[in-house]
Each structure stands twice: as structure tokens, then as C-alpha cells.
A.B. asks: 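To start, I am sharing the structure in question, which I have written as C-alpha cells.
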Amino acid sequence: MREKRDRVVVIGGGIAGLSAGIYALRAGFDCAIYEKNAIPGGECIGWNRKGFHIDNCIHWLTGTKKGTGLYDVWKTVGALSDDTEYAPIDSFYSSVCNGQIVTLWNDLERTEREFLAVAPEDEEEIRKFIRYVEYSKQCIYPAEKPMEMWGIRDYISMGKEMADFPKVMKELGKSSIEDYSKRFRSPILRKLLCDYLPKEYGAISLFVSYASIADGNGKVPMGASLQLSLRMEKKFKELGGEIFYQTGVEEIMIERKRAVGVKLSDGRLMEADYIIPAIDFYPLFHKLLPAKYMPKSLRGAYETPEDYPVTSGFQVAYAVDVDFSCRETVFVDIEPLKVGKHTFDRMYIKAYGYDPLCVKDGRQVIQTCITQSDEDYKYWKGLSGEEYRETKDRLVQEITRRIAEKYPELEGKLEVLDAWTPLTYERYCGAYHGGYMSFITKPASKKVKIKGKLKGIDNLYLAGQWTTSPGGLPVAVTSGKFAVQRIRKSQKRSIEI
Ligand SMILES: Cc1cc2nc3c(=O)[nH]c(=O)nc-3n(C[C@H](O)[C@H](O)[C@H](O)COP(=O)(O)OP(=O)(O)OC[C@H]3O[C@@H](n4cnc5c(N)ncnc54)[C@H](O)[C@@H]3O)c2cc1C
């Protein structure tokens with residue numbers, strides 16, 4: 001007879017939940033994942049409309065560089081392999097302004113040359129920018145174990161690997177992207193720096209993101225985001241895990257400081273020895289668990305959204321001819337457009353023609369996104385069902401007209417595939433304010449500190465992108481591994497899994 005193993009129940013089948021499930025099985029536990037949707041992936045997905053695939057997540061995947069700890073994690077969970085093919089994308093993004101275009105190329109020398117050509121007056125700052133991106137390549141996401149398990153050797157080795165990065169931290173650690181952009185005199189460089197990541201983010205995020213891409217550590221795997229999630233699901237099942245779809249968890253049952261099981265949407269109770277919630281923390285602490293378990297700093301963040309904002313988007317996808325060529329992600333000026341509470345004068349177009357999955361009968365998918373804030377989320381939330389549909393339709397028309405103005409060759413050829421808002425992410429993933437990622441790390445705000453465990457519950461371990469700001473796929477995938485390592489540590493067993 002098989003020896004009885006401890007049973008781990010994972011709530012949520014996004015990247016964090018799938019990772020937790022895979023590591024739980026590798027660690028010798030039985031494991032079941034309960035996911036409220038019909039497919040895995042959570043925010044890391046895509047969907048089909050009118051025969052086209054809309055890929056809706058990976059713009060860059062940190063951890064694609066072999067030899068890094070994070071690459072090993074992606075490989076262990078089956079998301080990447082040594083044979084993974086990557087999209088032939090040679091830049092982070094481009095910005096157009098007054099007829100000029102500048103690009104953050106993967107090749108830093110090329111970026112430097114181009115910046116100097118458009119803005120010789122900023123030479124000193126440009127050279128420093130390139131040098132600091134180079135230094136930021138040293139900032140590798142720690143994926144081996146949770147920080148509280150680090151010993152002195154781990155800190156020494158990190159110190160050695162990051163010899164120059166502290167210079168960037170020292171100079172820019174307290175600046176937002178917007179503050180930083182003001183060091184440049186050139187209007188196009190200022191725009192470029194603020195175009196992609198929310199400009200309230202710490203400037204460091206821009207350096208680290210661009211550095212991963214320039215270092216070959218932030219590529220886009222071919223085959224789109226949903227397929228990456230499906231590869232993880234396959235790995236989980238191959239290891240013997242069970243995943244139950246359309247099976248939401250309504251409540252986590254707590255008895256005498258222990259999480260004893262979960263109550264499912266169909267009323268069944270499932271027992272567990274350990275529980276790993278890998279869902280957005282807002283529904284976790286407002287629905288599945290009594291609010292008294294909510295960490296203080298998280299409560300503070302929810303109470304002051306102006307200090308702890310999140311970002312989402314109003315997005316539209318189209319089918320256009322494959323001949324349409326623009327840079328893969330390009331930001332352009334537009335006639336001012338009011339979406340939600342704010343008016344926007346920049347917008348991006350991203351063309352997906354590089355991936356055969358997003359191409360059909362000589363046509364490719366392109367997408368655009370207007371960044372949305374907490375206030376915009378509230379605006380959408382306040383609309384009636386009919387107003388919501390009308391507003392979406394009107395904005396789609398407005399956006400379509402603006403794209404055709406910028407690219408006259410697309411006039412009359414933009415077939416709308418779909419449009420979605422922050423409320424889509426809330427409905428589909430339970431995402432707080434429709435957020436793509438966790439709280440924005442504003443340089444002035446105190447970090448939201450989430451421990452891997454909750455006070456008052458002995459056997460519940462947190463996972464998901466909300467465990468560490470600013471979230472994203474690397475946080476999600478490592479958080480699943482870290483949750484299982486914490487369980488093993490509590491059992492006084494090896495954390496090598
Ligand atoms: C448009 C977009 C672009 C992005 N681009 C990038 C990028 O380029 N790079 C990057 O690193 N990150 C990117 N991200 C962020 C990334 O997708 C997320 O950080 C990551 O997918 C979060 O994973 P997660 O498992 O923590 O949470 P989620 O993906 O939210 O997964 C949680 C899962 O739990 C399920 N769930 C919720 N409540 C329950 C319940 N009660 N019972 C059962 N199941 C439940 C949900 O349905 C969901 O499947 C992007 C996100 C978006 C939306």
C-alpha cells in the first residue's frame with residue numbers, strides 16, 4: 001500500500017498556482033489545484049476571436065537567459081526548455097514624436113548611437129543611461145529560495161554579482177521614471193522614457209526591465225502566453241497532479257489555528273494538510289478568509305490607493321494585413337482621447353505578426369492599450385451594463401479612427417476583434433482594480449511587506465504576484481516554489497526541490 005502523503009491544496013491555476021503545484025509534487029506531496037475558470041493561466045493567457053488568437057500577456061519574460069536561477073525555475077515548471085524558440089524581436093519598444101522615432105534596441109550600442117543622433121545636447125545623460133542599463137544587467141531576480149532563508153554566503157555572493165548596481169540604486173533609488181526623464185532636454189527622449197512603464201514607477205524598474213531585455217534575459221517565447229501556461233499544466237499533470245476547472249473556492253476553513261480544508265463553489269468540502277492560496281489578495285482577504293488575517297501593511301495599501309496605485313488597461317485588438325509594418329511596439333501621439341477619468345495623448349500599437357499563432361490567411365493581430373488607473377477602474381465600475389457596452393463601443397470607434405489617422409494605409413482595413421477593460425480582469429481573475437501586476441512601487445511609498453505566512457494560521461502559505469511588488473511573471477512563478485520551500489522548512493526537511 002502507498003504511504004499516505006500530506007495533501008497540498010492550491011487555490012488558483014495561474015502561473016503561481018501551477019508553479020506551487022509542480023513544486024509540491026516534486027517535494028513529495030499529493031496536490032490538487034482548484035481553478036474557477038475553464039482553463040489554466042489566470043492573467044497569462046490569450047483567447048480566440050473570429051478565428052484569430054489574441055495573445056494577452058508576455059511582452060517580456062524575465063528569466064529566459066540560461067544559467068540564471070530564474071531560467072532553471074521556468075525550465076523546472078516546463079514553461080521553457082533549452083529548445084524554446086523565441087520571437088525575433090530586436091527592441092523593447094519605440095516612440096514616435098514630431099516625425100522622429102527612437103527605439104530602445106536590444107543592442108545598447110545601437111540605442112546609444114540613435115539617442116546621440118537625435119539629442120546631442122543630452123550626451124552626458126545618454127552615456128550615463130547606457131552605462132546604468134549595463135550595470136542593471138547585474139540585477140538578477142533571486143529565485144533559489146525565499147529571502148528569509150538566505151545566509152551570509154548568499155548575501156556575499158549577491159554583493160559580488162551586483163558590484164556596480166548599487167551605484168544605480170544610490171543615484172536613482174528615490175526617483176520616479178518621470179523625475180528621471182526630466183534630466184533629458186530632448187522632448188522625444190523624455191517621452192520615450194515615460195511611454196511604457198507607469199511614470200510613477202521607480203526609475204529603477206525601467207533600468208532593470210530594459211537591462212533584462214538587452215541582456216537576452218527578457219525574451220518572448222514563440223507560441224504565445226496561453227501556450228506557456230498550458231505547458232505548465234501539462235507538467236503538473238505528468239507529475240501526477242489533479243487540476244479541477246470551473247471549481248472556485250468559496251472559503252478556507254480554519255479550525256484551531258489550522259487551515260483544515262476548502263469549501264468549493266459546488267458546496268463540497270475538501271480537506272488539506274497544507275493550503276496555498278495563489279490568487280489575488282483582495283478576494284483572498286475579503287471573501288475566502290476573515291479580514292482579521294489581512295497583513296497590516298496590505299490593509300494600509302488598500303486604504304490609500306493614491307500611495308499604492310495599480311495599473312490596468314483599456315485594450316483593443318484588430319486583424320490587419322500582414323503587410324502592415326510598424327515596429328513591434330510603438331508609441332505615437334494621438335488626438336486627445338478621454339477614457340475613464342483621464343485624457344490621453346499617447347497610445348501604442350503592438351503588432352503580433354512575428355508569431356504564426358497570431359496570423360491567419362495573410363492577416364495578423366495588432367493591439368493597442370490605454371493605461372488605466374484605480375480612478376479609471378472606479379469609473380468603469382460605476383457604469384450600468386448598458387452604459388458600459390456603449391462606452392466601450394464608442395471608444396473602440398474613436399481609437400480605430402486615431403489608428404487610421406496615424407497609419408492611413410489601414411483606413412477601412414481595421415477589423416475589430418475584441419475590446420476589454422479593467423473590469424474584464426476583475427471578472428476573469430478577481431484582479432484588484434483590474435490590476436495587471438501588484439502595487440506600483442512608488443519610490444516614496446513604504447514597501448508593502450508580505451510574509452509567506454499569516455499570523456494565526458499554521459499551515460497556510462501565500463503565493464502569487466501580490467506577495468512581492470511590483471508582481472509580474474517572475475514573482476508569480478518563484479512565489480509558488482517559495483511557498484513549498486516554506487512548507488518543507490516547517491517540516492525540517494530539505495528545501496532543495
Ligand atoms: C495585459 C497583461 C500583460 C502583462 N505582461 C506581462 C509581461 O510582459 N511580463 C510579466 O512578467 N508580467 C506580465 N503581466 C503580469 C502577469 O500576467 C501576472 O503577474 C501573472 O500572470 C500573475 O500570476 P498569478 O498566478 O500570481 O495570478 P493570476 O494570473 O491572477 O492567477 C490567479 C488565478 O486564480 C484564479 N482564482 C481567483 N479566485 C479564485 C477562487 N476563489 N477559486 C479558484 N480560483 C480562483 C483566477 O481565475 C486565476 O486563474 C501582464 C499582465 C497582463 C494582464
Side-chain angles (χ1 to χ4, degrees), residues 9-21 32-46 54-64 70 74 77 79 92-93 141 196-197 205 209 212-213 218-221 225-226 228-229 232-233 243-252 262-265 270 275-284 286-289 310-315 317 329 350 367 369 371-372 420 422 424-432 434-438 462-480 483:
V9 160
V10 176
I11 310 171
I15 297 300
L18 291 166
S19 164
I33 299 178
Y34 294 98
E35 164 57 53
K36 74 174 182 59
N37 292 332
I39 54 168
E43 292 197 343
C44 187
I45 57 152
I54 299 174
D55 179 15
N56 196 48
C57 183
I58 304 173
H59 294 72
W60 76 94
L61 182 70
T62 304
T64 51
L70 190 52
W74 285 122
V77 298
F92 187 7
Y93 63 94
Y141 193 81
Y196 203 168
L197 300 184
S205 326
S209 305
S212 348
I213 289 164
K219 298 181 192 167
V220 176
S225 311
L226 173 61
L228 180 137
S229 300
M232 288 177 65
E233 182 216 41
I243 184 159
F244 300 93
Y245 292 113
Q246 293 178 307
T247 311
V249 170
E250 301 276 309
E251 193 182 335
I252 298 173
V262 293
K263 185 175 168 196
L264 303 180
S265 45
M270 293 294 157
I275 294 183
I276 303 181
I279 65 172
D280 189 288
F281 285 172
Y282 196 83
L284 177 63
H286 289 86
K287 193 172 159 216
L288 274 62
L289 280 174
V310 298
T311 50
S312 185
F314 176 72
Q315 291 168 258
T329 302
K350 179 167 162 61
Q367 281 193 39
C369 174
T371 303
Q372 298 281 273
W420 57 106
T424 313
Y425 295 104
E426 181 184 58
R427 175 181 54 77
Y428 189 75
C429 292
Y432 166 68
Y436 289 177
M437 310 250 293
S438 167
L462 298 170
Q465 65 161 335
W466 292 87
T467 51
T468 312
S469 261
L473 294 162
V475 173
V477 77
T478 48
S479 72

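One-based numbering, in listed order, for ligands and for the atoms of each.
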A.B. asks: For a side-chain hydrogen bond (donor to acceptor under 3.5 Å, both in side chains) check, start with the C-alpha distance between Trp420 and Tyr425, then their side-chain angles and the critical distance, and finish with the verdict.
C.D. replies: CA-CA 9 Å; Trp420 57 106; Tyr425 295 104; 2.9 Å; yes

A.B. asks: Which of the numbered atoms in ligand 1 are below 4.0 angstrom from a heavy atom of Ala476?
C.D. replies: 23 (O), 26 (O)

A.B. asks: For ligand 1, which atoms have a heavy atom of Ile11 less than 4.0 angstrom away?
C.D. replies: 42 (N), 43 (C)

A.B. asks: Under a 4.0 angstrom heavy-atom cut-off, which atoms of ligand 1 come close to Pro474?
C.D. replies: 11 (O)

A.B. asks: Just jot down the ligand 1 atoms closer than 4.0 angstrom to any heavy atom of Gly42, in number order.
C.D. replies: 29 (O), 31 (O), 48 (C), 49 (O)

A.B. asks: Under 4.0 Å from a heavy atom of Gly14: give me the atoms of ligand 1 that qualify, with their elements.
C.D. replies: 25 (O), 31 (O), 33 (C), 49 (O)

A.B. asks: Quick one: look up the protein heavy atom nearest atom 47 (O) of ligand 1 and list residue, atom name and how far away it is.
C.D. replies: Glu35 OE2, 2.7 Å

A.B. asks: For atom 27 (O) of ligand 1, is some protein heavy-atom partner under 4.0 Å away?
C.D. replies: no

A.B. asks: Side chain or backbone of Pro283 under 4.0 Å from ligand 1, or both, or neither, by non-hydrogen atoms?
C.D. replies: neither

A.B. asks: For ligand 1, which part of Tyr425 has a heavy atom less than 4.0 Å away: the side chain, the backbone, both, or neither?
C.D. replies: side chain

A.B. asks: Please say whether the positively charged group of Lys36, taken as NZ for Lys or CZ for Arg, lies over the ring of Tyr428, i.e. under 6.0 angstrom from the six-membered ring centre and within 45 degrees of the axis.
C.D. replies: yes

A.B. asks: Could you tell me whether some N/O pair between Val249 and ligand 1 is separated by less than 3.5 angstrom?
C.D. replies: yes

